[in-house]
Amino acid sequence: MDGGKSVMSQQYSIDQVPRNLDKIFQKVEQGESVQITRKGEQVAVIVSAAEYERLIRRKPGFWESMEQFREEMIEEGTEINPDEVWHDVRDNSPGRQVIL
């Protein structure tokens with residue numbers, strides 16, 4: 001499967017699987033997923049080992065992604081000046097008067 005995009009999936013009933021096992025594995029090796037059905041309902045999908053690994057790979061959390069981003073910026077020598085980035089974000093007006 002190319003970049004997570006699956007090629008059109010072939011479909012076999014459970015009864016057809018034993019007779020078509022070679023074809024099924026050829027399709028899976030070519031990057032296709034193969035659906036297995038029982039009475040017209042999908043019960044399983046066969047995918048390549050590479051696609052399976054891609055699907056189960058743990059995605060990094062926010063903080064891990066932030067740390068990775070910072071490390072990449074340091075490696076690239078990119079300097080980010082927070083004063084330049086955030087200079088016009090905050091309203092510096094005194095705001096409303098609060099009487100307690």
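All figures in this text were calculated on a predicted structure; none of them were measured in a lab.
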- Say whether, by atom type as modelled, one donor and one acceptor occur between the side chain of Gln16 and the main chain of Ser13 under 3.5 angstrom. yes
Could you grab the distance from atom [atom1] of [X] to atom [atom2] of [Y], nearest 0.5 Å is fine?
| X | Y | atom1 | atom2 | answer |
| --- | --- | --- | --- | --- |
| Lys27 | Asp22 | NZ | CG | 12.5 Å |
| Arg57 | Leu55 | CZ | CG | 9.0 Å |
| Gln10 | Glu32 | CD | CD | 6.5 Å |
| Trp86 | Asp83 | CH2 | CG | 12.0 Å |
| Glu75 | Met73 | CD | CE | 9.5 Å |

Minimum side-chain heavy-atom gap [X]-[Y] below 4.5 Å:
| X | Y | value |
| --- | --- | --- |
| Lys23 | Tyr12 | yes |
| Ile36 | Val17 | yes |
| Ile46 | Ile24 | yes |
| Val28 | Val47 | no |

- Message: Under 4.5 Å between side-chain heavy atoms, counting indirect links through other Ile/Leu/Val/Met/Phe/Trp/Tyr residues: same cluster for Phe69 and Trp63 or not?
- Response: yes
- Message: Could you check whether atom CG of Asn81 has more than 12 heavy atoms from other residues, nucleotides or ligands sitting under 6.0 Å from it?
- Response: yes
- Message: Using every non-hydrogen atom in the two residues, find where Arg38 and Val43 come nearest and quote the distance to one decimal.
- Response: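 So the two residues come closest at CB-CG1, 3.9 Å.
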- Ignoring hydrogens and angles, state whether a donor on the side chain of Gln68 or Glu64 is under 3.5 Å from an acceptor on the partner side chain. no
- Message: Assess whether a salt bridge exists between Arg54 and Glu51, defined as any Lys/Arg side-chain N lying under 4.0 Å from an Asp/Glu carboxylate O.
- Response: yes
